[in-house]
Amino acid sequence: MTLAEILARELGAEHVLGPEKLSLRHPGWCAQSLDAGLLVRPADAAELSAILKATPGVPVVPQGGVTGLVEGTASSPGEIIVSFERMNRIEQIDPAQGVALVGAGVTLAQLDAALEPHGLMAGVDIGARDSCTIGGMVSTNAGGIRVLRYGMMRASVLGLEVVRADGTVLDLTSPLMKNNAGYDLKQVFIGSEGTLGLVTKVALRLFPRPRAIATALVGIDARALSAFMPRLRLALGEGLAALEGMWPDCYRRCAEFQGVTPLPLQAGPDGPGLFLIAEAFGPDDTAAQTALEQALVPMLEDGTIRDAVLAQSGAERARIWRIREGAGVIGGDGAPGYHYDVSLKLADLDPYVQRLQAKVADAFDGIAVLVFGHVGDGNLHLSLMPDGTLPPRDAVDAVVYGVLAGFESSAISAEHGVGLEKRAALQTYRPAGILAAMGTLKAAFDPEGRLNPGKVLPGNGPR
Ligand SMILES: Cc1cc2nc3c(=O)[nH]c(=O)nc-3n(C[C@H](O)[C@H](O)[C@H](O)COP(=O)(O)OP(=O)(O)OC[C@H]3O[C@@H](n4cnc5c(N)ncnc54)[C@H](O)[C@@H]3O)c2cc1C
């Protein structure tokens with residue numbers, strides 16, 4: 001029997017897709033996602049387990065919404081793509097416990113629509129919400145715009161159902177707030193990018209929806225960021241919901257890309273500028289607006305910030321966010337460029353940007369360094385866009401990560417993960433002892449190396 005026939009026997013032929021049907025699918029945000037030419041759509045953990053048991057040793061590539069940005073869903077001939085699209089049921093929403101139990105293939109937007117009538121929401125929110133799945137978000141430990149308030153995905157996961165490489169199903173879905181009964185195994189799978197186990201179900205902590213949100217666009221001298229942030233946090237306390245940043249070239253380019261007239265703000269004529277979006281939650285519109293205004297005005301008066309505009313309507317808020325969301329897709333419009341997602345201490349963000357821009361200008365001709373990110377949690381996204389030919393990736397990586405390595409406590413991936421794209425950088429910039437411990441974990445959970453081979457760590461197959 002061929003592999004496709006074995007899979008069809010387990011699932012039914014309609015849930016096994018070959019090259020012809022796959023040619024009609026969009027590969028999502030990873031050009032090689034469908035290269036395996038063989039995709040299965042199990043309905044639940046039991047079916048997934050049966051597939052893994054029926055195909056011992058055959059490599060599998062899990063795929064959620066394929067919005068991941070590090071080639072974590074790339075597949076090759078000989079591998080089986082596991083799609084979670086049929087595990088798209090919201091099994092339970094328990095408002096009393098503040099927990100939802102959802103299939104791994106439920107999208108964030110789908111969950112949000114179901115939670116809205118209960119006045120609840122998930123803590124993590126990302127721009128890819130219409131397509132990204134809860135299983136994918138768990139597997140990448142997604143971050144996004146509300147990490148300051150709710151933490152990354154890990155902080156919201158109360159339980160998981162996971163299928164191991166040999167087909168064993170682990171029910172770790174306990175929705176208990178407290179559970180110290182032995183090792184907290186779910187933590188191993190969160191952020192492991194499908195290399196240690198396949199997530200089929202998630203028990204997710206829920207949060208009350210904010211009753212009101214106030215949004216401000218703030219212009220500061222970027223060197224003042226580490227003075228601004230703690231004062232904003234002190235003034236707003238729990239109400240501080242987001243602090244996003246765009247360096248000036250990025251701000252202008254995104255506004256142009258999105259067809260939005262940029263708001264006329266001063267962002268530091270005497271030094272490197274920075275545009276920030278600050279958001280505060282509050283019990284009602286007036287309270288949220290007042291809290292944000294009272295946080296910003298003293299800093300305007302003493303010159304910590306240069307300028308600020310408080311959105312006065314939903315339309316103004318949408319206009320501000322539209323510019324920022326342009327930054328998230330600026331590389332996806334087909335324009336050549338390389339994209340990075342790095343983590344630094346707050347005080348190091350602008351020094352890194354300045355050093356990198358200088359180094360890039362020295363090393364290459366005509367490359368714009370566009371910088372934005374979740375600055376409140378020290379996360380920069382960089383897009384290096386050439387106006388001519390794109391230099392080799394290795395050469396650009398060496399500059400981006402080489403400058404980064406000069407900053408203590410920096411990371412080559414803040415929230416997107418490693419996938420294939422950042423695997424070489426991980427090997428170069430993570431200490432050998434840490435890489436060895438990762439290898440030990442991988443060998444323990446996936447001794448044959450069949451789970452998402454070659455992602456995060458070098459595989460034992462073609463990758
Ligand atoms: C416009 C845009 C904005 C974005 N903004 C953010 C952001 O702000 N913050 C952020 O963190 N990310 C962001 N991302 C990246 C991406 O959306 C996240 O990484 C998301 O969590 C991926 O979810 P997915 O369902 O698309 O997973 P996929 O892309 O399908 O997969 C991602 C990884 O998880 C593995 N995987 C998927 N499902 C499972 C499963 N059920 N079990 C085991 N492994 C699995 C895959 O093999 C792959 O390694 C953005 C992407 C886009 C396109």
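Note that these values count all heavy atoms, side chains included, but never hydrogens, waters or copies made by symmetry. Whatever order the structure lists ligands and atoms in, that order sets their numbers, starting from 1.
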| request: Determine, for Arg25 against Glu85, whether the closest basic-nitrogen to carboxylate-oxygen distance falls under 4.0 angstrom. | output: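 Yes, charged N to carboxylate O under 4.0 Å.
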Proximal atoms of ligand 1 relative to [X] (non-hydrogen, under 4.0 Å):
X	answer
Gly194	43 (C), 44 (N)
His374	8 (O)
Gly72	47 (O), 48 (C), 49 (O)
Asn452	47 (O), 49 (O)
Gly197	43 (C)
Leu198	42 (N), 43 (C)
Thr73	28 (P), 29 (O), 30 (O), 31 (O), 46 (C), 48 (C)
Ala142	11 (O), 21 (O)

| message | Less than 6.0 angstrom from the centroid, inside 45 degrees of the normal: does Arg393 satisfy that with respect to the ring of Tyr340? | response |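 Yes, cation above the ring, under 6.0 Å and within 45°.
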Please check whether [X] reaches ligand 1 - meaning an N/O of the residue sits under 3.5 Å from an N/O of the ligand, judged on distance alone.
X	value
Ser131	no
Thr67	yes
Ala128	no
Val61	no
Pro62	yes
Gly68	yes
Gly64	yes

Indicate, as side chain, backbone, both or neither, the part of [X] found under 4.0 angstrom from ligand 1 when only non-hydrogen atoms are considered.
X	answer
Trp29	side chain
Thr140	side chain
Met153	neither

| request: Would you please indicate yes or no on a ring centroid separation below 6.0 angstrom for His416 and His339? | output: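 When the ring centroids of His339 and His416 are compared, they turn out to be at least 6.0 Å apart.
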Any side-chain donor-acceptor pair under 3.5 Å between [X] and [Y]?
X	Y	answer
Ser139	Glu193	no
Asp184	Asn179	no
Trp321	Glu279	yes

| Exam field: side chain Ser49 to backbone Ala45, donor-acceptor pair closer than 3.5 Å |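 Looks like no, no N/O pair under 3.5 Å.
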| message | So Ile126 and Cys132, do their side chains get closer than 4.5 Å, heavy atoms only? | response |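 Yes, at least one pair of side-chain atoms sits under 4.5 Å.
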| field | Beyond-backbone contact of Asp350 with Trp247, side-chain heavy atoms, under 4.5 angstrom | value |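 Yes. Closest side-chain heavy atoms under 4.5 Å.
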| Does ligand 1 have an atom under 4.0 Å from some heavy atom of Lys455? |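 The answer is no, since Lys455 has no heavy atom less than 4.0 Å from ligand 1.
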| task | Determine whether any heavy atom of Gly419 lies closer than 4.0 Å to an atom of ligand 1. | result |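 Distance cut 4.0 Å: Gly419 fails for ligand 1.
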| message | Does the plane of the ring in Tyr150 sit parallel, tilted or perpendicular to the ring in Phe207? Use 30° and 60° as the thresholds. | response |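 It falls in the tilted class, 30° to 60°.
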| Verdict with reasoning, Phe445 to Phe189, per ring pair (Phe, Tyr, Trp, His ring centres under 6.0 Å) | CA-CA 10 Å; Phe445 277 84; Phe189 301 106; 5.5 Å; yes
| query | Measuring from Phe257:CZ to Ile323:CD1, what's the distance to the nearest 0.5 Å? | reply |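 One gets 13.0 Å once the value is rounded to the nearest 0.5 Å.
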